[in-house]
Amino acid sequence: MSNYHIKNLEEYYQVYRKSVRDPETFWEEVAEEHFVWRKRWNRVLHWDFTKPEIKWFEGAELNITENCIDRHLATRGDKTAILFEPNDPNEKAQHISYKELRRKVCQFANVLKEKGIQKGDRVCIYLPMIPELAYAVLACARIGAIHSVVFAGFSASALATRINDSECKMVITSDGSFRGNKTIDLKGIVDEALESCPSVTSVLVAKRTQTTIAMKAGRDYWLEPLMEVAYKDYVPEVMDAEDPLFILYTSGSTGMPKGMVHTTGGYMVYTAYTFKNVFQYRENDIFWCTADIGWITGHSYILYGPLANGATTVLFEGVPSYPDFGRFWQIIEKHKITQFYTAPTAIRALAKEKLDYVEAYDLSSLKVLGTVGEPINEEAWHWYNDNVGKGKTPIVDTWWQTETGGIMISPIPFATPTIPTFATLPLPGIQPCLVDEDNLEINGSPANGKLCIKFPWPSMARSIWGNHQRFRDTYFSTFENKYFTGDGALRDNTGYYRITGRVDDVIIVSGHNLGTAPIEDAVNEHPAVAESAIVGFPHDVKGNALYGYVILKETGEVRNHDNLRKEINQLITEKIGPIAKLEKIQFTPGLPKTRSGKIMRRILRKIAHKDTSDLGDTSTLLNPEVVEDIIKNAL
Ligand code: WT7
């Protein structure tokens with residue numbers, strides 16, 4: 001029986017039971033099997049969810065890039081590690097071999113060192129999906145610097161917040177980026193952000209769009225000439241298994257984004273294990289995950305997971321709609337993709353277009369399809385299954401989070417029978433449970449409750465950067481001795497899980513996690529706005545879209561509402577990014593509040609959902625007349 005290539009449901013249950021009965025032996029076996037450790041661990045696991053303190057492979061030493069690159073050279077030196085597919089289909093794809101990847105990462109590592117970056121320093125990476133992004137991430141890992149990748153769609157202000165929170169010493173960016181038929185001035189955004197980032201002493205700039213940009217003397221350096229003269233070897237820094245590998249920001253329901261801290265050994269073991277298992281990866285497969293490396297999906301399943309397995313991983317710079325809606329399918333045919341991993345929102349957008357786009361291409365290389373990021377609705381699932389998978393390619397609906405580091409609940413292709421909208425069963429080593437309103441674990445099925453995990457797994461986040469108390473409060477204080485995911489789920493009588501969505505004020509729009517509080521803060525900065533409240537409502541492509549209720553200040557001045565709507569969305573674009581724009585903005589004289597002054601979001605959600613037949617318990621509602629007014633004028 002193999003821990004990896006699980007052949008049927010019975011075998012899954014055997015492996016699963018083994019992993020739960022004795023997790024330490026299970027993970028020790030996985031860790032021994034595949035990796036280069038410079039020093040072995042003294043203890044597999046130490047944990048205490050009350051603090052919380054979680055340590056995997058304590059005492060072990062390693063470098064993750066040695067495992068993702070050097071280890072493969074003997075047998076796979078000339079194999080393509082990264083297959084770069086540019087935005088423009090007429091530009092040639094690049095096949096970057098493991099040998100070449102090693103050279104680039106070593107040169108980049110030397111450039112970082114030369115610019116004064118030391119082990120433990122934070123480096124912010126704000127780059128488009130180009131090979132330099134992969135080199136930058138891996139070069140940080142090679143020298144033991146902590147990378148903090150910020151998705152290059154975030155605004156200057158969002159970038160500055162993230163740089164300052166972890167006091168990054170350096171920013172790595174490019175002159176610009178290509179997205180479809182647009183060119184974006186990335187360096188301009190970085191310059192604006194850096195006006196308020198005192199910790200940053202240097203900026204490395206990769207060339208991509210050849211745009212003329214301003215370079216600040218003594219701070220900004222073109223990457224290319226530095227790489228050219230840099231030494232082609234770099235002995236990997238020896239890291240502790242529990243040394244931080246990276247910080248990745250995710251939205252919370254309130255306050256600042258949370259800088260989730262991931263460490264080295266456990267993260268490597270878990271992402272490598274789940275990559276191989278969930279995608280049933282085999283040596284000559286060509287794996288394509290369409291996420292951006294700015295999100296956890298890209299960290300774990302474009303870079304670390306696939307590279308730790310010596311796989312060929314596709315890095316796609318563009319968008320699904322350029323030059324037309326057949327782009328994804330064209331790439332699958334062109335590179336003979338074997339596993340394709342994307343988001344429900346992309347599937348829904350493509351399902352709206354003519355089927356000809358899909359049918360024009362040969363998709364017969366596909367063996368496994370995956371989705372991630374939000375619940376997939378039944379219609380989208382069937383479209384994906386029928387038209388992309390031709391009814392014979394298993395779909396893995398993978399549930400996980402930035403905080404979990406790797407896939408947690410997912411079918412295993414060919415072993416787990418799938419049911420649309422169900423993420424199905426926990427992967428080996430993962431112990432989910434459902435908790436009821438009284439905070440008690442629900443035994444037995446069927447059941448519906450809040451989804452928690454009651455035992456540690458190797459790739460779980462260890463802290464929030466600079467705020468361990470918040471880590472504890474957010475994830476470990478709601479339910480005793482359990483990690484709380486923030487999601488609701490139901491479990492059917494066969495033990496299958498179906499994720500029903502967030503139970504907090506996080507809204508997932510087009511697969512992007514958005515906290516309502518920071519968006520409300522941005523809206524409230526508009527001089528005409530007195531107060532606002534934002535909720536989600538169902539949207540047929542985005543999954544959810546944002547509905548803003550806005551109270552204007554009483555100035556006596558008459559303002560054009562459409563202009564105000566534009567200005568508010570412009571402000572959101574500047575403060576956070578275009579992904580957080582409001583789909584609907586309703587101006588209202590008031591918001592439903594409780595006697596203690598809390599906004600009753602439940603009512604606002606119902607109105608946005610156009611479901612006002614039963615508003616539930618309104619006994620604590622202070623101002624029922626406002627609710628009537630909002631319903632009457634709802635958009
Ligand atoms: C939230 C985490 C993990 C990669 C991308 C998102 C939702 C994620 C699924 C799924 C239903 C899902 C959850 C989760 N989510 N995958 N297969 N089915 N919901 O990472 O930005 O940290 O978001 O995404 O609500 O809590 P993230």
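Note that ligands are numbered from 1 as they come in the structure, with each ligand's atoms numbered from 1 the same way.
For ligand 1, the atoms sitting less than 4.0 Å from at least one non-hydrogen atom of Asp397 are 10 (C), 17 (N), 18 (N), numbered in the order shown with element in parentheses. Every atom of ligand 1 is numbered from 1 in the order shown, and the set under 4.0 Å from a heavy atom of Asp487 is 13 (C), 14 (C), 25 (O), 26 (O). Listed by number with element, the atoms of ligand 1 under 4.0 angstrom from any heavy atom of Ile296 are 3 (C), 4 (C). Every atom of ligand 1 is numbered from 1 in the order shown, and the set under 4.0 Å from a heavy atom of Ile499 is 11 (C), 19 (N). Each of the atoms 9 (C), 10 (C), 16 (N), 17 (N) of ligand 1 lies under 4.0 Å from some heavy atom of Thr398. If you number the atoms of ligand 1 from 1 as listed, the ones under 4.0 Å from a heavy atom of Thr402 come out as 20 (O), 21 (O), 22 (O), 27 (P). The contact set between ligand 1 and Thr297, taken as ligand atoms under 4.0 Å from a residue heavy atom, comprises 4 (C), 5 (C). The Ile508 neighbourhood of ligand 1 comprises atoms 1 (C), 7 (C), 13 (C), 24 (O), 25 (O), with distances under 4.0 Å to a heavy atom of that residue.
Lys454 and Glu480 are not joined by a salt bridge, as no carboxylate oxygen comes within less than 4.0 angstrom of a charged side-chain nitrogen. Using a cutoff of 4.0 Å between basic side-chain nitrogens and carboxylate oxygens, Glu317 and Arg179 are not scored as salt-bridged. For Glu353 and Arg327, the salt-bridge test fails: no basic side-chain N is under 4.0 Å from an acidic carboxylate O. Look at Asp436 and Lys450 and you find no salt bridge, because none of the NZ, NE, NH1 or NH2 atoms lies under 4.0 Å from a carboxylate O. With respect to the salt-bridge test (charged N to carboxylate O, under 4.0 angstrom), the residues Lys367 and Asp285 qualify. Taking 4.0 Å as the cut-off between side-chain N and carboxylate O, Arg462 and Asp243 do not count as a salt-bridged pair.
For the pair Lys584 and Phe537, the cation-pi test (distance below 6.0 Å, angle within 45°) is passed. Within the cation-pi definition used here (under 6.0 Å to the ring centroid, within 45° of the axis), Arg491 does not qualify as a partner of Tyr496.
At a heavy-atom cutoff of 4.0 Å, ligand 1 is contacted by no atom of His512, backbone or side chain. Residue contacts with ligand 1 for Gln401 involve both N, CA, C or O and side-chain atoms from C-beta outward (heavy atoms, distance under 4.0 Å).
Nearest to atom 27 (P) of ligand 1 by heavy-atom distance, out of Leu514, Ile376, Asn513, Leu248, is Asn513.
A heavy-atom separation below 4.0 Å is not found between Trp295 and ligand 1.
The protein heavy atom nearest to atom 10 (C) of ligand 1 is Glu374 O, 3.5 Å. The closest protein non-hydrogen atom to atom 2 (C) of ligand 1 is Trp400 O, 3.7 Å. Atom 11 (C) of ligand 1 has as its closest protein heavy atom Pro375 N, 3.1 Å. The protein heavy-atom contact nearest to atom 6 (C) of ligand 1 is Gly373 CA, 4.1 Å.
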Stepwise salt bridge (charged side-chain N to carboxylate O under 4.0 Å, His left out) check, Glu378 with Arg348 = CA-CA 11 Å; Glu378 205 150 343; Arg348 287 192 297 265; over 6 Å; no
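Taking 4.5 Å as the limit, every side-chain heavy atom of Tyr497 sits out of range of all side-chain heavy atoms of Phe422.
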